[in-house]
Amino acid sequence: MAVVVVCGDVENRAEVHPHGATLTSWKVDGEEMTFVSRNAVFDGKKAIRGGIPLVFPNFGPWELGPQHGFARTSTWNLVQTPVQGSGNSVAVFELEDSEQTRAIWNYKFKVRYTVSVGDHQLETNLDVTNTGDHQFDFTILLHTYFRLPDIRKTTVDGLKGCMYTDKVHKDRKTESRDLISVAAETDNMYEATSSVHHITHGAGGYTFVVTKRNLPDTVVWNPWEEKARAMSDFGDDEYTKMICVEAGHVASRYVLSPKQTFSGGQIITLKKE
Ligand code: BG6
């Protein structure tokens, strides 16, 4: 499968890379909205550093397999080719269990990933079906990398009052701030967050509005200076140009019975002033 272009029109389009069905570009009025590192590796082995890697069936370190699961490094099938029309342009990808996935995680499943590009809008949905005879549990997340003009001017809302695990300081706290800003390495997993987050870019800038569906939790991540230097697939200075605001079901594992489907997703809308 080649790179799939999901096209609203020439200026409003997304691209999905076959490796991990990773969305690697979303342009609005010709301007790139996603962050992909200049050092990202596209060799089909490592997860792509940027865009929207898909985290399934495990968020974070995993005793059974690779960090963040195998979905982001698996080859997905394109099952619906996008057509450019008057409405949204939609592409659908599927990942099913295989000998390789069952060797790591011995369950039968199908994940359907739908990418839809509309006017100033990107919708990404994940549907997980248990196609086997045994119940399984998983965590799942859209690891979205947003491109920013300057992290120091960026704020994120919708987290106040939420419990979170601060993975950098190995602590659990309640968020007291209305608006989060990032000025150091940040790796926070917030629980039961607002279904809407606004990511702002400072005076005169635009706002990403992230509307979550059935994804109760939100991870906010920025590696900052030192960790950026230690990452081979991330430019040393690039931490100022990105933030990950990741919608997921990660604070607890979702239990899925045979023949049942879990469905969750997000809509990102770009609001210009
Ligand atoms: C975030 C995690 O979601 O992803 C961080 O909370 C992790 O702990 C980051 O460092 C990047 O992970 P990876 O595997 O893509 O380097």
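Scope of the values below: all heavy atoms of this structure, side chains included, with no hydrogens, waters or symmetry mates. Indexing begins at 1, ligand by ligand and atom by atom, following the structure's order.
Aromatic pair His68/Phe56: centroids not less than 6.0 angstrom apart.
Between the side chain of Asp166 and the backbone N or O of Asn188 there is no donor-acceptor pair closer than 3.5 Å.
Counting non-hydrogen atoms of neighbouring residues, nucleotides and ligands closer than 6.0 angstrom, the NZ atom of Lys108 reaches no more than 12 such neighbours. In this structure, Glu32 places its CD atom where more than 12 heavy-atom neighbours from other residues, nucleotides or ligands lie under 6.0 Å away. Counting non-hydrogen atoms of other residues, nucleotides and ligands closer than 6.0 Å to NZ of Lys173 gives a total above 12.
Tested against Arg49 for a side-chain contact (heavy atoms from CB on, under 4.5 Å), the candidates Val36, Asp233, Thr22, Asn39 yield a single pass: Asp233.
When heavy-atom distances to ligand 1 are checked against 4.0 Å, the residues falling inside are Arg49, Phe59, Gln67, His68, Arg72, His143, Lys167, Asp187, Val219, Trp221, Lys227, Glu246, ordered by chain and number.
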